Amino acid sequence: MTIRSVVLAVDDDPRLLDAYQALLGARYEVLTAPDGRAALDILQTRTVDVVLLDMLMPGLSGLGVLDALRHLGIETNVIVVSAVNDSETALEALRLGACDYLTKPFHLSHLERTIRRLTEHGAPAVEPPSRPSCALPHALIVSADLGLRASLAVALRTRGRVDAVEDAGAALAVLARTRPSVVVVSEDAVATAVRGQWPAAPIVVTDPRRPDFETLLPAIIQAFGVGHADVRHFAGPVPRVIAHVSAHFRRTTVEAIAATVGLSTRRLASVFAEQMEMTVTEYMAQVKLEAERPQLTKMVRRHAFSTVTSYRAQ
């Protein structure tokens with residue numbers, strides 16, 4: 001008997017829950033929850049592969065659910081599906097651990113492709129008994145180099161889960177709640193700190209001054225393959241595209257990338273989309289967003305604090 005992946009749909013609109021059942025029920029086991037607290041009750045008793053999470057719900061909001069999952073140590077793949085088309089909300093959801101953010105109305109094919117990417121990467125890795133299991137290969141990237149960190153994080157999210165942080169302190173905070181499939185570092189001192197907290201950590205070290213993506217990416221995929229079968233490799237010109245964007249993410253073009261890898265823009269678009277499930281332009285935009293995420297998150301927090309302060313002052 002084939003074991004079907006489990007999808008939990010969380011929305012206060014019963015019509016949308018019925019639609020999820022009708023659209024996804026033939027392929028997945030679909031559970032539903034009418035609000036955030038009901039979703040948490042399910043997630044504490046059932047293993048769920050993907051959560052489709054609304055943002056605006058009575059009681060506990062989508063952001064509240066994401067924050068609760070983090071504090072409860074529950075690891076699952078969350079796709080935010082929301083009518084809120086707001087970059088600050090999207091950034092906060094991604095910061096709290098969401099894998100993707102879809103705005104209603106969305107294309108069913110896009111939703112199905114996203115769910116399939118998150119559920120069809122083989123068996124879960126073996127985690128220490130005290131840690132929750134991770135349904136996807138999971139990479140922790142630790143680098144002060146924005147281009148390296150952002151370009152690699154966006155690329156690896158097409159293969160699994162990614163935490164991307166700047167320094168050893170932030171890395172140790174991640175390791176306090178989870179055990180990634182691989183830790184990618186760009187400094188020996190960071191590797192030493194990681195080993196101090198987790199002696200058996202699978203670590204890949206890269207030189208931030210001259211990162212060799214042709215070697216780095218296969219090493220990461222090999223580490224993913226220890227606990228997850230059939231993780232796709234990055235082949236052909238894709239590592240060189242990632243390398244170019246890493247070095248020039250602030251200002252480059254599709255034409256410049258195509259010239260660097262020696263392909264026409266049309267051929268590059270075809271090869272890249274086939275492996276990455278996004279266009280080169282989308283990749284560049286996501287890398288820029290990933291690089292700006294820490295600063296934008298600080299702005300969001302300052303704005304939230306200012307709003308609370310103003311409200312209390314009244």
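Since the model is a prediction, treat every value here as computed from it, not as a measurement.
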Heavy-atom closest pair, residues [X] and [Y]:
| X | Y | answer |
| --- | --- | --- |
| V165 | A170 | CB-CB, 3.6 Å |
| I257 | H244 | CG1-CD2, 3.3 Å |
| A155 | Y283 | N-CE1, 3.9 Å |
| I42 | A33 | CD1-CB, 4.2 Å |
| W198 | P180 | CH2-O, 3.2 Å |
| L156 | A139 | CD1-CB, 3.9 Å |

Would you say [X]'s side chain and [Y]'s backbone share a donor-acceptor pair under 3.5 angstrom?
| X | Y | result |
| --- | --- | --- |
| T45 | D41 | yes |
| S181 | H138 | yes |
| E166 | A144 | no |
| T260 | A256 | yes |
| T192 | D188 | yes |
| R161 | N77 | no |

>> Would F272 and T279 count as a side chain to side chain contact (heavy atoms under 4.5 Å, CB included) here? Give the steps.
In response: CA-CA 7 Å; F272 192 85; T279 67; 6.0 Å; no
> Taking the six-membered ring of F234 as reference, does the NZ or CZ atom of R159 fall below 6.0 Å from its centre and within a 45° cone about the axis?
Replying inline: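 Yes, R159 sits over the ring of F234.
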When you compare the side chain of [Y] with that of [X], does any pair of heavy atoms fall below 4.5 Å?
| X | Y | value |
| --- | --- | --- |
| R149 | L146 | yes |
| Y20 | V81 | yes |
| V182 | L140 | no |
| L8 | V50 | no |
| L17 | V30 | no |
| C99 | L118 | yes |
| I203 | V194 | yes |
| I115 | I79 | yes |

>> Using the rule side chain to side chain contact (heavy atoms under 4.5 Å, CB included), only one of I220, V241, L148 pairs with F213; which is it?
In response: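 It is L148, the one option of I220, V241, L148 that forms the side chain to side chain contact (heavy atoms under 4.5 Å, CB included) with F213.
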Check side-chain contact (heavy atoms from CB on, under 4.5 Å) between [X] and all other residues, then give those that pass, not counting sequence neighbours.
| X | result |
| --- | --- |
| A259 | none |
| A68 | L40 |
| H233 | I221 |

Can you tell me how far the [atom1] atom of [X] sits from the [atom2] atom of [Y], to the nearest 0.5 Å?
| X | Y | atom1 | atom2 | answer |
| --- | --- | --- | --- | --- |
| E75 | L43 | CD | CG | 12.5 Å |
| F249 | L289 | CZ | CG | 12.0 Å |
| S151 | I242 | OG | CD1 | 7.0 Å |
| I74 | Q44 | CD1 | CD | 5.0 Å |
| M55 | D11 | CE | CG | 11.0 Å |
| S82 | D54 | OG | CG | 5.5 Å |

> salt bridge (charged side-chain N to carboxylate O under 4.0 Å, His left out) between D67 and R70: does it pass, once the steps are laid out?
Replying inline: CA-CA 5 Å; D67 193 45; R70 184 175 60 168; 2.9 Å; yes
> Is there a salt bridge (charged side-chain N to carboxylate O under 4.0 Å, His left out) between R157 and E290 once you walk through the steps?
Replying inline: CA-CA 12 Å; R157 287 194 182 110; E290 180 71 24; 2.8 Å; yes
Should the heavy atoms of other residues, nucleotides or ligands under 6.0 Å from [atom1] of [X] be counted, would the total exceed 12?
| X | atom1 | value |
| --- | --- | --- |
| R267 | CZ | no |
| R37 | CZ | no |
| E282 | CD | yes |
| E214 | CD | yes |

> Should D163 and I141 be marked as a side chain to side chain contact (heavy atoms under 4.5 Å, CB included) after you check the CA-CA gap, both sets of side-chain angles, and the distance that decides it?
Replying inline: CA-CA 6 Å; D163 283 298; I141 303 167; over 6 Å; no
> side chain to side chain contact (heavy atoms under 4.5 Å, CB included) between D12 and D35: does it pass, once the steps are laid out?
Replying inline: CA-CA 6 Å; D12 61 333; D35 56 53; 5.9 Å; no
> Does the pair D100 and V80 meet the rule for a side chain to side chain contact (heavy atoms under 4.5 Å, CB included), with working shown?
Replying inline: CA-CA 6 Å; D100 210 334; V80 173; over 6 Å; no
> Mind checking whether V271 and M276 sit in one hydrophobic cluster, side chains of I, L, V, M, F, W, Y counted as touching below 4.5 Å?
Replying inline: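 Shared cluster, no.
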>> Test of understanding: clusters of I, L, V, M, F, W, Y form through side-chain heavy atoms closer than 4.5 Å, transitively. Do L217 and V226 belong to the same one?
In response: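 No, L217 and V226 fall in different hydrophobic clusters.
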>> salt bridge (charged side-chain N to carboxylate O under 4.0 Å, His left out) for R46 and E29? Distances and angles first, verdict last.
In response: CA-CA 12 Å; R46 289 288 308 268; E29 179 183 353; 3.1 Å; yes
